[in-house]
Amino acid sequence: MIDIKNIREHHSSLEKDLKNRDQSISLKKIIEADINLRELTKKLNDLQSEQNKQSKEIGILKSQGKSDDSIFAKLKKLSNTIKDLEAEHREKSKKLKDMLLEIPNIPHESVPVGKTEKENIIVKDCVSKKKIDCKPKSHVDLAQDLDLIDFEVGAKISGAGFPLYKGNGALLERVLINFMIDFHLKNYNYTEFFTPFLVKPNSAITTGQLPKFEEDMYHVEKDGLYLIPTAEVPLTNIHQDDILELIDLPKYYLAYSACFRREAGSYGKDTRGLLRVHQFNKVELVKFVRPESSYDELESLVGQATKLLDLLELDYRVIELCSGDLGFSAAKCYDLEVWAPGEEKWLEVSSCSNFEDFQSRRGNIRFRDEDGKIDYLHTLNGSGLATPRIFAALLETHQNQDGSIKIPVALQPYMGLAEIK
RNA sequence: GGAGAGGUGGCCGAGUGGUUUAAGGCGCACGCUUGGAAAGCGUGUAAGGUUAAUAGCUUUCGCAGGUUCGAAUCCUGUCCUCUCCGCCA
């Protein structure tokens, strides 16, 4: 959520920045509503002040046994006026807040301006150190041939997009999760969490999935809960409504979670195999940091995630997203993509974002600085990493001519195998 | 799912309609005192909105409504926590 004061003071430059992301955004209605609401607030405050004063006087008179009933009629009228104004105020401030919740974050000044993914910038390209000496097979074929995943039975149980991992496939999936968690814990100063997978609407508002992207989430209507699309949601909301002390910052949290996405609107896209599924596994990294350091923290987050890709011996590139391709809550974002030689596609396996104070405002997550001043902190997150596409890229990259899969050295102690055949 | 108890400031806790402008305590900060410390004494100690303001005004006693001139206090709904019973991995 953008600070209303910021909009009040810099609406024309903000609107320009937001239009780089989406031409259709306008702040006009918000500015009008804000002016209107502030007038109303002023009026209401003055009347409340009057009412408080008079009520107190009645109290004093009563305690002296000198009450005078004639004043009540006058105050009744005042009281009714206040009630009407309060109702109006409630309604208008909710409307303003609802409008603000629909406005995406302002792109950081360093973000390249552009309309579509075509204008994204490749900032790092680590391509092909290795050659595959056969025509690479797709992970779908490899997984089926080696009996690692049963897509049909998954579909029988739950529908398309719910892969059933099996045998060494199930093991590899579990190993990937453990390997990634251990890597972050061993090399960086993270606290591990295991979070709820169902969250209240408020939590999804904090991180930006709600109210705008309701359609993308699985909703358990009977209980009013949503299945998380990423552990970012519960992790970030750990500090909902908190005021953190400076000494506690930065905070680095991580969690594995299953992730649930309806993928509404992307039917027919990447339907085969593991490229786009409704349920998948991911290790998520979340940082709570003081504002001055958030861009350094973003760079180190990207470095941390790419280190994993090095260890998994995958070819990858780092993409800096342009303004038009930026996610709703992000001020700046890097995507990590791995090369899948069988699919002959780049697969997005991580997204590392700085949200600045966008989420912390929505979730009321603050900190106290050295002068005792309270302000919103900055949040960041990055996948570290999402398994299904890693799984796919691993099979396709490390396949041998005979159809077996070489396990990267770093994973071998976890797998207890050097290859899957 | 049933029955009961309870949600008040950083923490504990008083408060059943009006000087509550939330008592008192703990903790914390600063000062006095001291060779230094402890104890003692004193002062201060929530967040939001408005504002140049750390002035004033205002909102907030889980949350949302309601009654009343006036609500932490009364009423209704709701959420959460705890205890017991039932069911259960």
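Just so it is clear, the structure is predicted and the values come from calculations on it, not from any experiment. Hydrogens, waters and symmetry mates are skipped; everything else that's a heavy atom, side chains included, is used. Throughout, protein chains are lettered first and strands after them, A, B, ... in sequence-line order, and every chain is numbered starting at 1.
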**Message:** Go through it in stages, so that I can follow the logic: the residues are A:Phe280 and A:Leu274, the test is side chain to side chain contact (heavy atoms under 4.5 Å, CB included), and I'd like the CA-CA distance, side-chain angles, deciding distance and then a yes or no.
**Reply:** CA-CA 9 Å; A:Phe280 61 93; A:Leu274 290 173; over 6 Å; no
**Asked** Roughly, in whole Å, what's the span from CD in A:Glu39 to P in B:rC57?
**Response** 23 Å
**Prompt:** Rounding to a whole Å, what distance do you find between A:Lys42:NZ and B:rU59:P?
**Reply:** 14 Å
**Asked** Using atom C1' of each nucleotide, how far apart are B:rU16 and B:rU8 to the nearest Å?
**Response** 14 Å
**Under-4.0 Å salt bridge between A:Lys282 and A:Glu232** = no
**Request:** With RNA chain B as reference, determine whether A:Leu75 or A:Gly372 sits nearer its 5' end, using the nearest nucleotide of each.
**Result:** A:Gly372
**P spacing across the pair B:rU21 / B:rG70, given as an integer number of angstrom** = 15 Å
**Request:** Report which part of the nucleic acid A:Arg8 touches: base, sugar-phosphate, or nothing (heavy-atom distance under 4.0 Å, all strands).
**Result:** sugar-phosphate
**Asked** What is the ring orientation for A:Phe197 with A:Phe194, classed by angle as parallel under 30°, tilted 30 to 60°, or perpendicular over 60°?
**Response** parallel
**Message:** Any salt bridge linking A:Arg290 with A:Asp369? Criterion: basic side-chain nitrogen under 4.0 Å from a carboxylate oxygen.
**Reply:** no
**Item:** Euclidean distance for P, B:rG10 against B:rG48 (whole angstrom)
**Value:** 11 Å
**Item:** Rounded P spacing from B:rA71 to B:rG17 in Å
**Value:** 14 Å
**Message:** Measuring from the side chain of A:Ile243 (C-beta onward, heavy atoms only), which nucleotide among B:rG70, B:rU50, B:rA47 has the closest atom?
**Reply:** B:rA47
**Request:** Please check the phosphate of B:rA46 (OP1 and OP2 only) for any side-chain N or O of A:Arg368 closer than 4.0 Å.
**Result:** no
**Spacing of the C1' atoms in B:rC57 and B:rU68 (rounded, Å)** = 24 Å
**A:Lys115 and A:Glu119 ion-paired at < 4.0 Å** = no
**Complete:** Across all chains, not counting sequence neighbours, the ring-ring contact (aromatic ring centres under 6.0 Å, His included) partners of A:His378 are none
**Asked** When rounded to the nearest Å, what value does the distance between P atoms of B:rA23 and B:rG4 take?
**Response** 34 Å
**Fill in**
Result for 5'-nearest mapping on RNA chain B, choosing between A:Ser49 and A:Asp34, is A:Asp34
**Fill in**
Here the distance between atom P of B:rC80 and atom CG of A:Asp223, to the nearest Å, is 10 Å
**Prompt:** Which one, B:rU68, B:rU50, B:rG48, comes nearest to the side chain of A:Lys76?
**Reply:** B:rU68
**Asked** Quick one: A:Gln48 CD to B:rC57 P, roughly how many Å, whole number?
**Response** 13 Å
**Asked** Is there a side-chain contact between A:Ile228 and A:Ser257 (heavy atoms, below 4.5 Å)?
**Response** yes
**Under 4.0 angstrom between A:Asn45 side-chain N/O and B:rG56 OP1 or OP2** = no
**Fill in**
With the side chain defined as heavy atoms from C-beta on, A:Lys5 is closest, among B:rA47, B:rU50, B:rG65, to B:rU50
**Item:** Interatomic distance at P, B:rG42 relative to B:rU51, whole Å
**Value:** 40 Å
**Complete:** Between CD of A:Glu86 and C1' of B:rA71 the distance, given in whole Å, is 13 Å
**Prompt:** What interatomic distance, in whole Å, is found between P of B:rG9 and the corresponding atom of B:rU67?
**Reply:** 28 Å
**Request:** Quick one: label A:Ile374 by what it contacts on the DNA or RNA (base, sugar-phosphate, nothing), any heavy atom closer than 4.0 Å.
**Result:** sugar-phosphate
**Asked** B:rU68 C1' sits how many Å from A:Asn52 CG, rounded?
**Response** 14 Å
**Request:** Could you check how far NZ of A:Lys56 sits from P of B:rU19, rounded to whole Å?
**Result:** 8 Å
**Request:** May I ask you to verify if any side-chain N or O of A:Ser79 is less than 4.0 angstrom from the OP1 or OP2 atom of B:rG70?
**Result:** yes
**Request:** Check whether any side-chain heavy atom of A:Thr397 lies under 4.5 Å from a side-chain heavy atom of A:Val338, and answer yes or no.
**Result:** no
**Request:** Could you check how far CD1 of A:Ile247 sits from C1' of B:rC28, rounded to whole Å?
**Result:** 14 Å
**Request:** Check every atom of B:rU21, B:rG65, B:rU68 against the side chain of A:Arg90 and return the nucleotide holding the closest atom.
**Result:** B:rG65
**Asked** Heavy atoms under 4.0 Å, any strand shown: does A:Gln51 hit a base, just sugar-phosphate, or nothing?
**Response** sugar-phosphate
**Message:** Given a 3.5 Å cut-off on both pairing distances, which stems involving RNA chain B, each at least three consecutive Watson-Crick or G-U pairs, are present, if any?
**Reply:** B:1-7 with B:79-85, B:10-12 with B:24-26, B:27-32 with B:40-45, B:46-50 with B:56-60, B:62-66 with B:74-78
**Message:** Taking the basic N atoms (NZ, or NE/NH1/NH2) and the acidic carboxylate oxygens, is any pair closer than 4.0 Å for A:Glu419 and A:Lys406?
**Reply:** no
